[in-house]
Amino acid sequence: LRFLTAGESHGVCLTAILEGMPAGVPIDPGALQREMRRRQLGYGRGPRMQFEADAVALESGIRRGKTLGSPIALSIANKDASIDRLPVVTQPRPGHADLTGALKYDHRDVRNVLERASARETAARVAVGALCKQLLSPLGIELASHVIALGPVRAKPVSATVRRLRAKADPTPLRCLDPAATTRMMRAIDAAMKAGDTLGGVFEVIAEGVPPGLGSYVHYDRRLDAILGRAILSIHAVKAVEIGDGVLGASLPGSKVQDEIFYTRAKGFHRSQNRSGGFEGGMTTGEPLIVRGYLKPLSTLRRPLRSVELNTKRRVVATVERSDVTTVPAAGVIGEAMAAFELARAVLEKFGGDSLRELRRNLDGYRRQVRRF
């Protein structure tokens, strides 16, 4: 399973091709569009989220509501398709791809960099992830996310299931389960907006129903926790990734970190805790997967930082592009999409199958084998 995206922030459209989806997967366009809408929501978003419809056109690979097994092409039209009318940019923003991209590709107009480096590209990723979710759901694998920190405010720890997150997180202004923290987060966003500044934060993705044994310990590049970490780190502005209690565990003795193993006839092998976030030795344990992405504040500031003009080398302030104060709630949705893609790829790698029926048969047989171990 693999995908590619193409398109610029203010180009004609964003395009994606998803290859390797098995045949026979039911596709619900309404569910796909709901995922696109989730990415646009959240207090502190900029004006573009108000007018871009992000309607996904499924161009190939689906007939009569089911996948064909051939590549799936999709496109998302940009209402603001003004790339050729936009001004030349020669004042790179600190923290963005602007300067390094211009040096790498020999561009004197930073516009040639920032249009592709923009987080607008993640709309295509969310569309791809929505299709992968529709592959995983018939297999009993479900994902959700929520915000656990924004700027200086951290929510109270909660025991959140996928069902609870879906019911409680999305209807809130910041996709956070702690109402008191949400209020403080909104105040922090208002203060940052007034100051012309931006805020980062932390989102958490949870996946339930994942069978044990996805990934492998035999080679570094087959460890699924590392693959998932790379996928989350690829999201714009994410600068750190945590799986389970990875950060806290670094300061504790081993006896307080490892997940003890139990067995009952009803549940089989299981753990009473899930500090490992559903991974041991690069493989899934069967417990819920828990991964967190840590976002830095966005690079575009309405009160810009100091920079250097590319041609004259004079001291200037960085260019100002239309942007958000924070995108942490949306980043959680993007995190779900990336996790869904990597889980779908891992499932297909282990269990194979050119059709959903064949894949389910293989997975069901493996699950029976594990229960009888």
Side-chain angles (χ1 to χ4, degrees), residues 34-54 93-96 118-120 122-123 126 143-206 232 235-242 247 290-305 320-338:
R34 285 192 293 274
E35 290 295 304
M36 302 304 295
R37 183 59 182 156
R38 291 176 69 221
R39 175 190 165 275
Q40 294 181 299
L41 299 177
Y43 193 77
R45 301 304 303 276
R48 190 167 191 186
M49 296 302 103
Q50 314 271 326
F51 62 80
E52 289 288 1
D54 282 359
R93 292 163 292 176
H96 209 283
S118 166
R120 177 75 183 145
T122 61
V126 170
L143 299 95
S145 68
H146 63 132
V147 170
I148 61 175
L150 198 150
V153 183
R154 192 169 188 93
K156 291 185 298 186
V158 294
S159 178
T161 63
V162 166
R163 178 177 293 182
R164 184 182 179 198
L165 288 177
R166 288 180 171 175
K168 301 293 186 181
D170 278 0
T172 68
L174 290 168
R175 308 191 61 252
C176 176
L177 295 184
D178 182 344
T182 296
T183 299
R184 296 196 302 274
M185 290 173 183
M186 292 172 70
R187 289 175 184 159
I189 291 170
D190 290 341
M193 184 181 299
K194 186 176 180 180
D197 218 329
T198 58
L199 294 173
V202 186
F203 66 82
E204 180 176 84
V205 176
I206 298 175
I232 298 299
I235 299 169
H236 300 68
V238 172
K239 299 297 285 185
V241 176
E242 179 183 21
V247 174
I290 301 173
V291 58
R292 301 180 190 94
Y294 290 70
L295 277 77
K296 70 173 183 175
L298 301 179
S299 305
T300 296
L301 306 177
R302 287 187 296 164
R303 294 186 180 177
L305 300 174
V320 177
E321 292 285 315
R322 183 173 53 203
S323 185
D324 308 302
V325 177
T326 187
T327 57
V328 181
V333 177
I334 302 162
E336 289 178 43
M338 295 306 297

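These figures come from a predicted structure and were not determined experimentally. We count residues from 1, following the sequence as given.
Across every non-hydrogen atom of His236 and Leu295, the tightest pair is O-CD2, 4.3 Å. When all heavy atoms of Leu301 and Val320 are compared, the pair lying nearest together is O-CG2, 3.6 Å. The shortest non-hydrogen separation linking Leu305 to Pro94 is CB-CG, 4.0 Å. In plain terms, the two heavy atoms of Leu150 and Ile189 that are nearest each other are CD2-CG1, 3.9 Å. Minimum heavy-atom separation, Ala188 to Pro152: CB-CD, 4.2 Å. Contact record, Arg166 with Ala144: CG-CB, 4.2 Å, taken as the closest heavy-atom pair.
Test Thr327, Val291, Val238 against Phe203 for side-chain contact (heavy atoms from CB on, under 4.5 Å) and you get one pass: Val238. Of the residues listed (Arg292, Arg175, Glu204), the one engaging Ser145 in a side-chain hydrogen bond (donor to acceptor under 3.5 Å, both in side chains) is Arg175, and it is the only one.
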CA sep, side-chain torsions, deciding dist, call: Thr326, Met185, side-chain contact (heavy atoms from CB on, under 4.5 Å): CA-CA 11 Å; Thr326 187; Met185 290 173 183; over 6 Å; no
side-chain contact (heavy atoms from CB on, under 4.5 Å) assessment of Tyr43 paired with Thr172: CA-CA 9 Å; Tyr43 193 77; Thr172 68; over 6 Å; no
Salt bridge (Lys or Arg N to Asp or Glu O under 4.0 Å) between Asp54 and Arg120, intermediate numbers included: CA-CA 10 Å; Asp54 282 359; Arg120 177 75 183 145; 2.8 Å; yes
Evaluation steps, side-chain contact (heavy atoms from CB on, under 4.5 Å), between Arg93 and Glu321: CA-CA 9 Å; Arg93 292 163 292 176; Glu321 292 285 315; 3.7 Å; yes
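Side chain of Glu35 to backbone of Ala337: no donor-acceptor contact under 3.5 angstrom is found.
By the 6.0 Å contact criterion, NZ on Lys296 is enclosed, its count of non-hydrogen atoms from other residues, nucleotides or ligands being greater than 12.
Taking 4.0 Å as the cut-off between side-chain N and carboxylate O, Arg38 and Glu336 count as a salt-bridged pair.
Here the CD1-CD1 distance, from Ile235 to Ile334, works out to 6.0 Å after rounding to the nearest 0.5 Å. Once rounded to the nearest 0.5 Å, the distance linking CZ of Arg154 with CD1 of Ile148 reads 4.5 Å. Taking OH from Tyr294 and CD1 from Ile232, the interatomic distance works out to 12.5 Å, rounded to the nearest 0.5 Å. Lys168 NZ to Cys176 SG: the interatomic distance, rounded to the nearest 0.5 Å, is 13.5 Å. Annotation: the span from Asp170 atom CG to Arg34 atom CZ amounts to 11.5 Å, rounded to 0.5 Å. Distance CG/Asp324 to CE/Met193: 9.0 Å, rounded to 0.5 Å.
Pro173 places a side-chain heavy atom less than 4.5 Å from the side chain of Thr182. Here the side chains of Glu242 and Val202 are not in contact, with every heavy-atom distance at 4.5 Å or above. Residues Val205 and Met338 are not in side-chain contact: their nearest non-hydrogen atoms beyond the backbone lie 4.5 Å or more apart.
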